[in-house]
Each structure stands twice: as C-alpha cells, then as structure tokens.
Amino acid sequence: KQEVTQIPAALSVPEGENLVLNCSFTDSAIYNLQWFRQDPGKGLTSLLLIQSSQREQTSGRLNASLDKSSGRSTLYIAASQPGDSATYLCAVSYAGNMLTFGGGTRLMVKP
Amino acid sequence: EAGVTQFPSHSVIEKGQTVTLRCDPISGHDNLYWYRRVMGKEIKFLLHFVKESKQDESGMPNNRFLAERTGGTYSTLKVQPAELEDSGVYFCASSLYMGGGGYTFGSGTRLTVV
C-alpha cells in the first residue's frame, strides 16, 4: 500500500528560525514528488516539484530534497516569516499521474 | 489566466439529498482531477478526466458519486443520495500534461451533510 506520512503534524516557531518539514513514503518507485502550500479556505499552491531523477529543488527561501532510496523528502524553509504560516502538503506521483498526499504539517510562524 | 474555479464554495445539505459540485478548469487543460479531504484524513484522489473521457476513476468511493465532463470543458461531481460521511472538502485540479506536475488546484467546495 502506498502511503505518505508527514511529520510533525503541527509546528510553531518564532519568526526568523530555519525549519525542516519531513515527508516519508512507503514505495520508493515514485515518478515525482511535490510540495504544496494551503492557506485556510484556499486551494493548494505548488511550491516545488522534484522529479525522481533529481535530488533537490530550490525556490527562494525554500529547498526541497529527495532521497528515493530511504523514501524521504524534506522541505527546508530559511528565515521563516509570519507569512509562511500555512499547511504544507507533500504529495507523490507513482504512475506519473494521480497524487498521493500526506496529512500535512500545519506551520505557525509567530512574529 | 483564470485559475481553476469551483462552485459552490460551501454547501450544506441534509442526508439523502442530492448535491452537484462544479469545476471549471483552466482553458486548454485536457486533464481534470477530483480529490477530496474528509475530516482528519489525507487528501484522496477520486478520478481523472482526459478531455471528456474518464482516465482513472479508481478513487470513487461508491456508486452514489457520478462525475461527468461533457464536451471536455467543465466537470460536475454529483453525490446522490448524500450520506454523513461524504462531508469534507472537494478539490478540483487541472493540468496541461499528464505526469509532469504543473497541477493547478481550485479553492475547493466544502460540503457538509447534516
């Protein structure tokens, strides 16, 4: 069974901290992995997409890594800001099509 | 470019009633997906259209759910009759290509069955 797990489920940090969100998946034969952000009452916004052949992707203060052999991905957020407060979702694609989501990490960055 | 639009944003219905959710994908996106998140659970895949054809409907929970995409443009998801466990947020997403990522999600429809 293909499962995606995100730890922690919730995280509260003071502004300025660097933080790491974790995602693990049971089946390493992934096609790609995506990190999404969801704000309350909004849709999902794609942050980073890592293809199975890649090790990491970077966008601004965000860096996502992928280790297929261990079934893990991390999302690193540098110098966190209150505007980063949201739910972060990890999703993997096995057949290059439908997404399998983790439960998400609710992040609160306090000013 | 307009995003993915879902209507309604909220719906409260009684058990046994029928509800129809609508999704307007980004123009030109052949791929349209339905997902849902029920309380306390992960977002789960429901089905995938390529144009007007159902490419994968393996996530549809039961035959009370009917999805259509006539003409390959907007899609509807009908729940008939609705049950309490159908409550949740229903998301629609569209993409230009299959498998490459590039999904754009709508804001979702929050369905509450009472």
Side-chain angles (χ1 to χ4, degrees), chain A residues 1-10 21 23-27 29-54 56-57 59 62 64 66 73 86-106, chain B residues 2-10 21 23-26 29-50 53-60 67 88-112:
Chain A
K1 184 179 178 182
Q2 297 162 341
E3 294 183 345
V4 179
T5 303
Q6 291 188 245
I7 295 173
L21 308 182
C23 172
S24 61
F25 43 94
T26 54
D27 186 344
I30 66 171
Y31 189 79
N32 58 43
L33 181 146
Q34 285 186 256
W35 283 92
F36 292 88
R37 167 185 173 140
Q38 185 182 19
D39 294 282
K42 305 284 187 177
L44 281 64
T45 300
S46 181
L47 298 174
L48 291 164
L49 169 67
I50 310 178
Q51 301 294 345
S52 62
S53 59
Q54 297 174 322
E56 67 177 347
Q57 283 286 341
S59 176
L62 305 180
L66 174 64
S73 175
T87 296
Y88 290 80
L89 294 155
C90 170
V92 301
S93 173
Y94 285 101
N97 195 10
M98 58 172 275
L99 298 174
T100 300
F101 283 86
T105 294
R106 287 194 319 279
Chain B
V4 175
T5 305
Q6 292 188 245
F7 183 83
S9 57
H10 294 84
L21 313 181
C23 170
D24 286 75
I26 291 176
H29 280 195
D30 288 342
N31 296 280
L32 186 148
Y33 309 82
W34 284 97
Y35 288 82
R36 77 170 178 177
R37 185 170 196 166
V38 296
M39 186 65 69
K41 303 282 190 177
E42 298 84 0
I43 297 173
K44 295 286 191 182
F45 167 81
L46 295 178
L47 87 159
H48 169 212
F49 282 100
V50 177
S53 300
K54 293 176 184 175
Q55 177 77 10
D56 182 352
E57 52 184 329
S58 61
M60 295 287 266
V89 181
Y90 290 75
F91 292 101
C92 175
S94 71
S95 68
L96 187 58
Y97 304 110
M98 278 176 55
Y103 300 93
T104 301
F105 276 81
S107 298
T109 293
R110 181 174 294 279
L111 174 65
T112 303

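Protein chains get the first letters and strands the later ones, always in sequence-line order, with residue 1 at the start of each. Please read all numbers here as calculations on a predicted model, not as lab measurements.
A:L89 CG to B:R37 CZ: the interatomic distance, rounded to the nearest 0.5 Å, is 6.0 Å. A:E3 CD to B:E42 CD: the interatomic distance, rounded to the nearest 0.5 Å, is 8.0 Å. We find the CG-OH distance between A:L99 and B:Y33 to be 7.5 Å, quoted to the nearest 0.5 Å.
Residues B:Y35 and A:M98 are in side-chain contact: their nearest non-hydrogen atoms beyond the backbone lie under 4.5 Å apart.
Looking at A:Q38, the atoms closer than 4.5 Å to chain B (heavy atoms on both sides) all sit in the side chain, from C-beta outward.
Taking the six-membered ring for Trp and the full ring otherwise, the centers of A:F36 and B:Y103 sit at least 6.0 Å from each other.
Nearest heavy-atom pair, B:I43 versus A:F101, reported as atom, atom and distance to 0.1 Å: O-CB, 3.6 Å. Between B:F91 and A:L44, the shortest heavy-atom contact is CE2-CD1, 3.8 Å.
Within 6.0 Å of the NZ atom in B:K41, the count of heavy atoms belonging to other residues, nucleotides or ligands does not exceed 12.
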